[in-house]
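A quick write-up on the structure given underneath.
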Protein chains: 2
Amino acid sequence: MATIRDVAKLAEVSVSTVSLALSNPSRVSPKTLERIRQAVAAVGYVADPLAQSLARGRSRMIGFVVGNVGNPFFGDIRRELENYALEHEHFVLITDSSGQTERERALVEHLIGLKIAGLALAPSSFGPDYVAFIQSIKVPMVCFDQKVAGIERDFVGSDNFLAGAMLTEHLLQLGHRRIGFIAGPKHMNTASERYRGFAETMASAGVEVNPKLVVGGLFTRSGGYEAAMRLLIEPERPTAIIGANNAVALAALQAMQELGFSCPDDISLAMIDNIQWSSVITPRITMVVQDTQKLGGIIARRLLHRISNPDAVHEPPQDFVLSPRFVPGNSCKRI
Amino acid sequence: MATIRDVAKLAEVSVSTVSLALSNPSRVSPKTLERIRQAVAAVGYVADPLAQSLARGRSRMIGFVVGNVGNPFFGDIRRELENYALEHEHFVLITDSSGQTERERALVEHLIGLKIAGLALAPSSFGPDYVAFIQSIKVPMVCFDQKVAGIERDFVGSDNFLAGAMLTEHLLQLGHRRIGFIAGPKHMNTASERYRGFAETMASAGVEVNPKLVVGGLFTRSGGYEAAMRLLIEPERPTAIIGANNAVALAALQAMQELGFSCPDDISLAMIDNIQWSSVITPRITMVVQDTQKLGGIIARRLLHRISNPDAVHEPPQDFVLSPRFVPGNSCKRI
DNA sequence: GATATGCATCGAACCGGTTCGATAGGCCGG
DNA sequence: CCGGCCTATCGAACCGGTTCGATGCATATC
């Protein structure tokens with residue numbers, strides 16, 4: 001590997017001039033610049049990014065930390081960020097915390113050790129310790145998906161209250177009154193907002209919610225399965241079920257199939273968030289989806305804005321909340 | 001951030017002694033070691049990984065490069081690699097080439113610039129130029145999934161011939177003779193082997209393959225959809241279809257649904273590779289799956305073996321080929 | 001014609017570690 | 001008592017860049 005000193009020697013200038021020429025060509029005389037350019041080409045010089053990062057104190061890498069890289073929701077966002085970053089000569093390092101807060105923390109610390117230029121984080125936890133940790137991060141960052149109380153950072157996400165409300169309204173209009181709700185973890189903002197959207201819409205419609213029909217508490221497949229089973233063995237079985245995310249809704253579908261219930265003939269089903277291959281699942285599930293592409297675009301733009309404008313540190317954090325989109329399927333029946 | 005010099009000052013030893021103590025404690029006297037330990041704790045010293053990598057010429061990071069991080073096949077492998085690497089104090093950098101060879105190359109070069117300790121790569125291409133590029137990589141590496149002719153590296157993958165053969169055999173035993181095959185790109189080893197498994201099993205059984213029933217050529221959803229449509233409008237429509245991967249098979253299912261064919265009553269369907277949520281898809285598709293966990297384990301072990309045994313460079317590359325597993329569903333009917 | 005201004009270039013310090021050869025002191029055997 | 005060997009520690013060079021203050025020279029100003 002050729003170093004900057006090889007270039008300097010060949011071009012008969014000092015090392016510092018080469019460095020200057022490469023990072024700020026206009027500050028070097030045209031003829032010297034040309035000599036340096038030729039020398040660079042001659043020896044095939046490429047700057048060592050590690051040495052650059054060490055000297056500059058920051059690299060051109062962006063950290064991307066989520067709980068599940070395989071989730072298409074995060075995948076779409078990742079893709080947007082990658083493309084935008086690449087256009088701006090940045091490089092995205094993807095990491096996966098498996099939803100474990102400890103691992104997330106280790107990953108973030110490792111990334112900061114790598115002197116990343118910026119961080120896009122889908123927070124995996126909450127509470128004072130967690131908030132303190134996030135707040136201690138000095139690197140430009142954007143949080144997304146999960147709004148966590150106390151974190152004062154740019155945030156990009158969807159209107160989850162609206163998402164819950166839309167599905168509830170839809171089912172009410174189809175005549176459903178006994179609507180089951182498989183909820184997510186109460187402490188997660190997405191989960192509580194979606195539930196609030198459900199509860200308030202029911203209340204506005206003057207329909208009382210049977211507390212036995214609100215189940216769950218995990219956004220996982222197994223949690224959803226168990227919760228769905230509880231709904232299905234209820235004597236006053238619901239006529240429709242809302243899954244607060246894709247995993248619990250699909251688990252509910254599986255439980256229904258296993259118990260011999262037909263969807264939508266026996267029970268209607270609706271969910272929040274898309275899944276891959278949703279179009280080949282029978283029935284096609286009525287859902288409310290987030291505009292992942294737009295979310296990703298905003299995250300990317302916001303993060304790179306903060307990265308490339310050093311003054312942006314003083315800009316107060318801002319929330320970007322997008323409205324989700326209703327996608328009708330054939331999993332909900334009028335009764 | 002505390003530096004190694006702060007530690008040295010506080011412990012009243014030289015910088016080199018601190019470095020030595022930290023990397024090779026046995027070569028420092030017990031009492032000095034203790035002083036250094038206390039100093040480290042006192043100033044909260046953590047070595048800067050960037051500076052270490054620069055000085056050592058290699059880091060403790062492992063590059064993971066695949067065409068689609070969101071694919072659960074790669075996701076499972078990634079998880080195994082991450083866990084194993086973490087146990088050995090290595091850190092996995094995930095990157096996504098979107099299947100674009102140019103991007104893959106840029107990513108690999110970037111990772112090498114980061115002085116990664118090792119590389120796990122799912123090759124995205126083939127041909128002399130590509131092979132030459134891969135062969136030029138000096139970093140310890142393991143290739144997986146796609147076996148590429150000419151690349152002399154450790155390889156970990158599944159027996160794709162067997163995968164194709166198993167499904168074919170299954171359908172033959174159910175009485176099918178007019179079996180359609182949606183193939184992948186001919187130049188991809190997985191695709192050609194799967195096809196070969198199909199063709200040879202048919203031949204052994206003395207069943208002639210109608211060339212019109214072998215369609216496709218892309219492992220994508222849209223490619224599979226188009227190919228399936230061609231099969232379905234064929235006058236001599238197949239009684240069963242094999243999708244050479246999950247994407248084309250599910251696209252075929254969608255096409256069948258859209259044209260009003262019932263699976264498996266009208267047409268049977270079988271596929272290679274699993275998908276997420278396969279259990280909620282109606283019908284449950286009969287498939288042959290790869291043991292992703294085991295694949296990931298082998299990749300991880302092999303790579304870390306090469307990384308931590310410098311002599312291992314002389315070990316000749318080795319192929320690890322696992323047998324896939326048959327998972328019956330209810331998408332194939334006896335006729 | 002002396003002084004101020006600006007520009008191109010350079011040298012040296014620095015980022016934060018590692019590594020190797022040198023040195024000094026302690027212990028051994030002869 | 002002295003030479004030889006071992007061990008603990010150190011200093012300096014190095015990895016490959018960046019950055020800032022200094023320098024020298026040419027042009028603009030009064």
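Values below: every heavy atom of this structure, side chains too, minus hydrogens, waters and symmetry copies. Naming: A, B, ... by sequence-line order, numbering from 1 per chain.
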CD/B/Gln100: more than 12 non-hydrogen atoms of other groups inside 6.0 Å: yes

Nearest-angstrom distance from the residue atom CG of A/Leu22 to C1' of D/dG16: 13 Å

Among C/dT9, D/dA8, C/dG17, the one nearest B/Thr32 by side-chain distance: D/dA8

Rounded distance (nearest 0.5 Å) linking atom CD1 of A/Ile62 with atom NE2 of A/His90: 5.5 Å

Nearest-Å distance for atom pair CD/P, residues A/Glu34 and C/dT9: 13 Å

Show me the side-chain donor-acceptor pairs of residues 78-87 of chain B shorter than 3.5 Å, one per line, residues at least two apart or across chains.
from	atom 1	to	atom 2	distance (Å)
B/Arg78	NH1	A/Asp96	OD2	3.3
B/Arg78	NH1	B/Glu82	OE1	3.1
B/Arg78	NH1	B/Glu82	OE2	3.4
B/Arg78	NH2	A/Asp96	OD2	2.9
B/Arg79	NH2	B/Asp76	OD1	3.4
B/Asn83	OD1	A/Arg103	NH1	3.3
B/Asn83	OD1	A/Arg103	NH2	2.8
B/Asn83	ND2	B/Arg79	O	3.3

Under 3.5 Å side-chain donor-acceptor pair for A/Thr32 and A/Ser29: yes

Nearest-Å distance for atom pair CG/C1', residues A/Leu50 and D/dG17: 10 Å

Atom-pair distance (CE on B/Met1; P on C/dC15), nearest Å: 15 Å

Touch class at under 4.0 angstrom, heavy-atom based, for A/Val7 against every strand present: nothing

side-chain N/O A/Tyr45 vs D/dG16 OP1/OP2, d < 4.0 Å: no

Value in whole Å for how far the C1' atom of D/dG17 lies from CD1 of A/Ile36: 15 Å

Side chain of B/Val13 (C-beta onward), nearest among C/dC10, D/dC10, D/dT9: D/dC10

Gap between atoms CG and P, on B/Leu20 and C/dT18 respectively (whole Å): 10 Å

Side-chain N,O (A/Ser19) to OP1/OP2 (D/dG17) below 4.0 Å: no

Rounded distance (Å) that lies between atom C1' of C/dG17 and atom CZ of B/Arg5: 7 Å

No-H, no-angle donor-acceptor pair, B/Arg56 side chain to C/dG17 base, under 3.5 Å: no

Rounded distance (Å) that lies between atom P of C/dC15 and atom CG of A/Leu114: 19 Å

Nearest-neighbour nucleotide for the A/Ser29 side chain, D/dT18, C/dG17, C/dT9 considered: C/dT9

B/Gln38 side chain to B/Glu34 side chain, donor-acceptor N/O pair below 3.5 angstrom: yes

Side-chain donor-acceptor pair present, A/Tyr130, A/Gln135, cut-off under 3.5 Å: no

C/dG16 OP1/OP2 closer than 4.0 Å to side-chain N/O of B/Thr3: no

Below 4.0 Å: OP1/OP2 of D/dG16 and any side-chain N or O of A/Gln52: no

Earlier contact from the 5' end, DNA chain D, for A/Val15 and B/Thr17: B/Thr17

Sugar-phosphate, base or nothing in reach of A/Val18, heavy atoms under 4.0 Å: nothing

Touch class at under 4.0 angstrom, heavy-atom based, for A/Ser16 against every strand present: base

A/Asp48 or B/Ser14, whichever maps to the more 5' nucleotide of DNA chain D: B/Ser14

